[in-house]
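See below for the structure under consideration.
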Number of protein chains: 2
Amino acid sequence: MNGSGELGERERRAWYAFLTMQEDLRRHMNRQLLQDTGLSLADYAVLSTLWMQDDNTLRVYELRERLRWEKTRLTHQISRMVTRGQVERNPCADDPRGQQVALTPAGHEAITKAVPLHIEYVRRVFLDVVTPRQLDTLAVLSEAVLDNLGTGEDPADT
Amino acid sequence: MNGSGELGERERRAWYAFLTMQEDLRRHMNRQLLQDTGLSLADYAVLSTLWMQDDNTLRVYELRERLRWEKTRLTHQISRMVTRGQVERNPCADDPRGQQVALTPAGHEAITKAVPLHIEYVRRVFLDVVTPRQLDTLAVLSEAVLDNLGTGEDPADT
DNA sequence: CCTTCTTGGGTGACACATCACCCATCGACC
DNA sequence: GGTCGATGGGTGATGTGTCACCCAAGAAGG
């Protein structure tokens, strides 16, 4: 029922709640992270991904795949992080056009401090107020939406 | 179990799926909206809120409450939209410091075209792949997280 | 060898979001 | 009437995300 044109009350409520929650949460999370650790969410994403690597290093395109970011976004982000001394760019041995991105000592220290704080934060503001059953539903739902998004055409940049 | 420090597999999966979905969805949604209607998500939020008003007009602070935005964000957004001719600022009759924000004819036309397209889009990429039960769970979950967020201290700007 | 396509990466301009800070007016209290 | 905090709104700088576009080095085919 109500196949198009407008949203039913049930749908409207859920969509609005989700949108609002998601925005507020991201804003709140970013602020908290910035205050506690001096890192933005974008910094955190990049640093923690490198950090999980044995040698704290990744090719740019590998980093891009793990983060699911677009080219330009990552390029700009890396450039900013280089000026802040969090990561460094190194030429790639086996591919002349390739670039390696590596954690600097400063970046390593920053992310090492930030991770436990951030995990504790996520638990406090999110995981602690969600039941396990809700959590599972959210996971299934999220994966379904992601799958469905992938079905469309890609913007050819990624 | 696993009270802190690290996330369990169940938690990690759900959190990651949610984060990824939310980011991808917002990006995808913004791009779609921009292509189909020339409006950004921020534009859409402002315009549709004004549009729902009888006189297509709101005080800035009322707009702020409905959108749950911060002061500066809305001020800047309105300024940009004024230069684009989507809305206009008018002095407020009863309060010398107040400002009224009103839809321009161009803004009205844009949002009138955009709303059905956007609703149809939301249905296609989101609502259609989520079961009613999942949707209800999402609503409850979102409202719980929102509630919990509000419990902390506010940054005094809002 | 020479074109042509793809891939890895980058740049500059611009929209958006946040921070620190400012100004004017209202309202309350003395 | 004068001070003072709260309220409504704004500015400038900086960080972040996206778009359009560019360049160099492989890869594929003739």
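Any value given below was found using the heavy atoms of this structure, including those in side chains, with hydrogens, waters and symmetry copies removed. In what follows, every chain begins at residue 1, and chains take the letters A, B, ... in the order their sequences are listed.
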From CA spacing to verdict: ring-ring contact (aromatic ring centres under 6.0 Å, His included), B:Tyr121, B:Phe126
CA-CA 8 Å; B:Tyr121 170 82; B:Phe126 191 85; over 10 Å; no

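If you check distances only, the side chain of A:His76 never reaches the base of D:dG15 with a donor-acceptor pair under 3.5 Å.
The side chain of A:Thr72 approaches D:dA20 more closely than any other nucleotide in the set C:dT18, D:dA20, C:dG9. The A:Thr75 side chain lies nearest to C:dT11 when the options are C:dT11, C:dG8, D:dT18. Set against C:dG10, D:dG9, C:dC16, the side chain of B:Gln77 has C:dC16 as its closest nucleotide. Listed nucleotides: C:dC19, C:dT7, D:dT16. Nearest to the side chain of A:Arg97: C:dT7. Distances were taken from every side-chain heavy atom of A:Gln99 (C-beta onward) to each of D:dG9, C:dG9, D:dT18; the shortest belongs to C:dG9.
Atom OH of B:Tyr61 and atom P of C:dT25 are 18 Å apart (whole Å). Put simply, CZ on B:Arg27 is 16 Å from C1' on C:dA15, counting in whole angstrom units. Summarising the geometry, the separation between CG on B:Asn90 and P on D:dG9 is reported as 13 Å, rounded to the nearest angstrom. Atom NE2 of A:His28 and atom C1' of C:dT18 are 15 Å apart (whole Å). Following rounding to the nearest Å, B:Arg26 (CZ) and D:dT16 (P) show an atom-to-atom distance of 14 Å. Distance CD (A:Glu65) to C1' (C:dG8): 12 Å, rounded to an integer number of Å. One can place CZ of B:Arg64 at 9 Å from P of D:dG10, the figure rounded to the nearest angstrom. The distance between atom CG of A:Asp43 and atom C1' of D:dG15, rounded to the nearest whole Å, is 9 Å.
In this structure, a donor-acceptor pair under 3.5 Å is present between the side chains of A:Ser79 and A:Arg89.
Dashed line: the shortest gap from a side-chain N or O of B:Arg84 to OP1 or OP2 of C:dC16 is under 4.0 Å. An OP1 or OP2 oxygen of D:dG17 is reached within less than 4.0 angstrom by a side-chain nitrogen or oxygen of A:Arg73. Regarding contacts with the backbone of C:dC16, a side-chain N or O of B:Arg80 is found under 4.0 angstrom from either OP1 or OP2. Side-chain N/O atoms of B:Ser40 include one lying less than 4.0 angstrom from OP1 or OP2 on C:dC16. The phosphate of C:dG9 (OP1 or OP2) has a side-chain N or O of A:Arg59 nearer than 4.0 angstrom. Put simply, A:Arg31 has a side-chain N or O that comes within less than 4.0 Å of OP1 or OP2 on C:dC19. Proximity of B:Arg89 to the phosphate of D:dG10: a side-chain N or O atom is located under 4.0 Å from OP1 or OP2.
Comment: B:Glu11 engages A:Arg123 in a salt bridge, judged by a side-chain N to carboxylate O separation of less than 4.0 angstrom. For B:Glu70 and A:Arg31, the salt-bridge test passes: some basic side-chain N is under 4.0 Å from an acidic carboxylate O. By the 4.0 Å N-to-carboxylate-O rule, B:Arg133 lies too far from B:Asp136 to be salt-bridged with it.
When the nearest nucleotides of DNA chain D are assigned to A:Ala42 and A:Asp95 by heavy-atom distance, the more 5′-ward of the two goes with A:Ala42. Residue whose closest nucleotide on DNA chain C sits further toward the 5' end, between A:Asn30 and A:Ile78: A:Ile78.
Just one of B:Thr57, B:Val87, B:Leu74 meets the side chain to side chain contact (heavy atoms under 4.5 Å, CB included) condition when paired with B:Leu63; it is B:Leu74.
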